[in-house]
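Taking it in order: structure first as structure tokens, then the write-up.
Quantities reported herein were computed from a predicted structural model and do not represent experimental measurements.
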Amino acid sequence: MSSSQGLDEAERERIARRYPPPRIGRTGWIAIIAVLALIAGGTYLWIASFHGNEQVGGSVRGFQTHPDRVDAVIDVYRPDPSRPATCEVFALAENFERVGEVTQLIEPSEANEATVEVTILTYRRSTAVDVEDCEAL
């Protein structure tokens, strides 16, 4: 019984039941991998085109905390300064919980860079400020 030629029909059936052929063959796996690669590539291109065209960005220049508010200064960069923009500015507590946020309007101007003073009311003392979701209107 060391070779498959020495097996009788009953032993071949028993082995076939124990080790059935794969449900998906090699061609099926290649097709599945190709479809998944297309989906991943399409998703990557969609994300890159959506986030690659962000025109307005902001950063925190500095801030001063108070028990019930934060006074912050943010810098906003935009390629078309004739259009107004908005930025979400938020304050974080020591445990990284958001304790206040405000949508700041940046008025049109002639310069691509704008420095804006923002006051965020907080319900707890904050330890950090950040800017996100800046967009031209």
Side-chain angles (χ1 to χ4, degrees):
M1 283 198 227
S2 62
S3 70
S4 63
Q5 283 85 12
L7 298 176
D8 64 7
E9 190 61 35
E11 289 173 331
R12 284 191 193 110
E13 255 183 61
R14 180 181 60 80
I15 291 172
R17 281 193 312 272
R18 185 169 186 170
Y19 304 106
R23 294 180 186 190
I24 301 173
R26 178 182 219 138
T27 307
W29 281 113
I30 291 172
I32 289 171
I33 290 170
V35 167
L36 290 175
L38 285 172
I39 291 171
T43 303
Y44 173 77
L45 290 175
W46 177 75
I47 290 171
S49 68
F50 180 74
H51 290 289
N53 292 332
E54 290 183 9
Q55 297 181 359
V56 180
S59 63
V60 177
R61 177 179 282 197
F63 62 92
Q64 185 174 15
T65 62
H66 303 279
D68 60 346
R69 75 176 198 277
V70 176
D71 298 323
V73 178
I74 62 170
D75 292 326
V76 179
Y77 311 96
R78 54 194 166 165
D80 184 4
S82 66
R83 296 176 58 190
T86 60
C87 287
E88 297 293 324
V89 185
F90 58 93
L92 299 170
E94 189 172 334
N95 65 351
F96 303 107
E97 176 186 2
R98 283 193 183 195
V99 293
E101 60 185 74
V102 66
T103 300
Q104 182 64 43
L105 176 67
I106 295 88
E107 298 290 340
S109 66
E110 293 182 10
N112 288 19
E113 299 178 14
T115 301
V116 182
E117 294 181 10
V118 182
T119 298
I120 307 165
L121 299 178
T122 60
Y123 62 89
R124 272 179 43 199
R125 188 171 197 85
S126 67
T127 58
V129 176
D130 204 357
V131 179
E132 68 180 10
D133 295 333
C134 293
E135 64 182 2
L137 299 178

- Message: Looking at L7, is its backbone amide N or carbonyl O close enough to the side chain of R12 to form a donor-acceptor pair, meaning the two atoms are under 3.5 Å apart?
- Response: yes
- Query: Under the salt bridge (charged side-chain N to carboxylate O under 4.0 Å, His left out) rule, what pairs show up with a residue in residues 97-121, not counting sequence neighbours?
  - Reply: E97-R124, R98-E101, R98-E132
For a quick test of your reading: what N or O donor-acceptor pairs under 3.5 Å do the side chains of residues 61-71 make, sequence neighbours left out?
unit_1: R61; atom_1: NE; unit_2: D75; atom_2: OD1; d: 3.4
unit_1: R61; atom_1: NE; unit_2: D75; atom_2: OD2; d: 3.2
unit_1: R61; atom_1: NH2; unit_2: D75; atom_2: OD1; d: 3.3
unit_1: R61; atom_1: NH2; unit_2: D75; atom_2: OD2; d: 3.4
unit_1: H66; atom_1: NE2; unit_2: R69; atom_2: NH2; d: 3.4
unit_1: H66; atom_1: NE2; unit_2: D71; atom_2: OD2; d: 3.1
unit_1: R69; atom_1: NE; unit_2: D71; atom_2: OD1; d: 3.3
unit_1: R69; atom_1: NE; unit_2: D71; atom_2: OD2; d: 3.3
unit_1: R69; atom_1: NH2; unit_2: D71; atom_2: OD2; d: 3.2
unit_1: D71; atom_1: OD1; unit_2: T119; atom_2: OG1; d: 3.2

- Item | Main-chain N/O of A10 paired to E13 side chain as donor or acceptor, under 3.5 Å | no
- Distance in Å, T127 OG1 paired with N95 CG, rounded so as to fall on 0.5 Å steps: 8.0 Å
- Could you pull out all residues at least two apart from L36 that satisfy side-chain contact (heavy atoms from CB on, under 4.5 Å)? I32
- With a 4.5 Å heavy-atom cut-off, do S59 and Y77 have their side chains touching? yes
- Task: Verify the cluster assignment for I106 and V131: are they in a single hydrophobic cluster under the rule of side-chain heavy atoms below 4.5 Å apart?
- Result: yes
- Scan for salt bridge (charged side-chain N to carboxylate O under 4.0 Å, His left out) pairs involving residues 31-41, sequence neighbours excluded, and state none if there are none. none
- Query: F90, V60: one ILVMFWY side-chain cluster at the under-4.5 Å cut-off?
  - Reply: no
- Grab the two heavy atoms, one from V56 and one from E135, that are nearest each other, plus how far apart they are. CG2-C, 3.9 Å
- Item | For T27, all residues meeting side-chain contact (heavy atoms from CB on, under 4.5 Å), sequence neighbours excluded | none
- Query: Can you tell me how far the CZ atom of F96 sits from the CG atom of D130, to the nearest 0.5 Å?
  - Reply: 11.5 Å
Output side-chain donor-acceptor pairs under 3.5 Å for residues 79-87, partner residues at least two apart or in another chain, one line each.
unit_1: D80; atom_1: OD1; unit_2: S82; atom_2: N; d: 3.2
unit_1: D80; atom_1: OD1; unit_2: S82; atom_2: OG; d: 2.6
unit_1: R83; atom_1: NE; unit_2: L137; atom_2: O; d: 3.0
unit_1: R83; atom_1: NH2; unit_2: L137; atom_2: O; d: 2.8

- With hydrophobic residues grouped by side-chain heavy-atom distances under 4.5 Å, do V102 and L92 end up in a single group? no
- Hey, any chance V89 and V76 share a hydrophobic cluster, counting ILVMFWY side chains that come within less than 4.5 Å of each other, even indirectly? yes
